[in-house]
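Chain naming here is simple, since letters A, B, ... match the order of the sequence lines and numbering starts at 1 in each.
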Protein chains: 2
Amino acid sequence: MPESPLRAQRRAETQRAIQAHAVRLFSERGYDATTVTEVAEAAGVSAMTVYRHFPTKEDLVLVDELGPLVAARVAASAGVRPPVRRIGQALVESATAVTGDRFLLARLQLMISTQALRARHLDNHYVLQQAIVDALGADAGDPFDAEAAASACLAAMHTALVRWAQDDGRSDLAGLVAKALAAAVGDPVRDH
Amino acid sequence: MPESPLRAQRRAETQRAIQAHAVRLFSERGYDATTVTEVAEAAGVSAMTVYRHFPTKEDLVLVDELGPLVAARVAASAGVRPPVRRIGQALVESATAVTGDRFLLARLQLMISTQALRARHLDNHYVLQQAIVDALGADAGDPFDAEAAASACLAAMHTALVRWAQDDGRSDLAGLVAKALAAAVGDPVRDH
DNA sequence: TCATTTGTGTTAGTCACTACCAACTTGGTA
DNA sequence: TACCAAGTTGGTAGTGACTAACACAAATGA
């Protein structure tokens, strides 16, 4: 599958256009008050095309770019001792990487204010949790303990994300994540 | 509003009948493969009646009896020192209270295996989280820290619930919750 | 007994989403 | 250049969750 470049580019363009119009309309009129047909019209395509690029309406907002970052950083931190600290450091570092992303902020604000999006977003933590457990490797002890640690760290990070979105992205995201983790699982940013 | 007893009783009966048939059918055929109309027919009512008693199909499974228990126990534990320990103790105690509830177990297994239910269930943690923060009271320090601690503890408990449901309720739920909390936020069952 | 409230059923409608089929465009090939 | 295969799109019809509006029956309170 050599993936001819012209087709891939066109596909990526329409995909981005659809998502951009969707997030804009959702932010303006509200998620529930905006139909997929309206998004399609704004993007200049048919409703069918929207569903071909995004399996559900929720997926127009829910693209997780943070997940792969976190998993990669966890895998790279094999030296650090307690799993919660490995995960915590990875989360703080990943938070730093996305600071300043206005599009992510807009989508995050939608996710927090809309029930359907909020629910699916939290469910995505499930996938990320498993990715983190896998990234921890075999030497992280009991898988159950690793799952519990990962889910707790993700929940704490989510609290920070909510606060950041409420502050309209003005506060320091990495600092918030570190503070939330400190309150939940103890001080994880203290370097070994 | 004196709530005439005969009407209240009939209402509670139909409500319970609808939910029982719903959970049974969902467990047998799968949540997505069962329509609300089928649930209504099994319960001997019309589809409209189902929607009058349960706002959405998901609510046929998602009734949170654990939430009020946890919030009450947190409020009653004003003496304990760190918030995470207050919350952790409340969660372990509440877990003990629901051990042996087969209906809860069946619903939990549905929640875990079905994406829509899983997502909504996790979103309900949001409400419970706020209830816990309120129950902690004003002396619990920074509200943000309390939110982070509560969400992390709930996430750890959820990991225990998942494991318990996978074990078909055979394992010790309170023990699992305590173990998950220990792995995530440190040992919370150690008595002060 | 009578008026009010409440529970229920019916119908028609919106919207997310799917299956199926037809048309067009692109990419490589004879 | 002509042509075939594959990918992209649009239209139509359908399912299912959910809502609104109207009518009917039963139960409550006077």
For [X] and [N], what is the distance between atoms [atom1] and [atom2] respectively, to the nearest whole Å?
{"X": "Asp32(A)", "N": "dA17(D)", "atom1": "CG", "atom2": "P", "result": "18 Å"}
{"X": "Leu25(B)", "N": "dG16(D)", "atom1": "CG", "atom2": "C1'", "result": "16 Å"}
{"X": "Arg120(B)", "N": "dA17(D)", "atom1": "CZ", "atom2": "P", "result": "15 Å"}
{"X": "Glu58(A)", "N": "dA16(C)", "atom1": "CD", "atom2": "P", "result": "11 Å"}
{"X": "Gln15(B)", "N": "dT6(C)", "atom1": "CD", "atom2": "C1'", "result": "14 Å"}
{"X": "Glu13(B)", "N": "dA27(D)", "atom1": "CD", "atom2": "P", "result": "13 Å"}
{"X": "Tyr31(B)", "N": "dG16(D)", "atom1": "OH", "atom2": "C1'", "result": "11 Å"}
{"X": "Ile18(A)", "N": "dT9(D)", "atom1": "CD1", "atom2": "C1'", "result": "11 Å"}

If you check the Thr14(B) side chain, which of dC17(C), dA16(C), dT8(C) turns out closest?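 Looking only at heavy atoms from C-beta outward on Thr14(B), the closest nucleotide is dT8(C).
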Arg10(B) side-chain proximity, nearest of dC18(D), dA27(D), dA16(C):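 The nucleotide sitting nearest to the side chain is dA27(D).
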Contact class for Thr37(A) vs. all strands (heavy atom < 4.0 Å): base, sugar-phosphate, or nothing? nothing
Under a 4.0 Å heavy-atom cut-off, which of residues 43-54 of chain B touch DNA chain C?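 Contacts with DNA chain C under 4.0 Å: Val45(B), Ser46(B), Met48(B), Thr49(B), Arg52(B), His53(B).
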Given the rule in the salt bridge (Lys or Arg N to Asp or Glu O under 4.0 Å) test, do Arg120(B) and Asp123(A) qualify, once you have shown the distances and angles that lead to the verdict? CA-CA 8 Å; Arg120(B) 275 272 325 251; Asp123(A) 189 49; over 6 Å; no
Can you find a donor-acceptor N/O pair under 3.5 angstrom joining the side chain of Arg11(A) to the base of dT8(D)?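 No, the side chain and the base share no sub-3.5 Å donor-acceptor pair.
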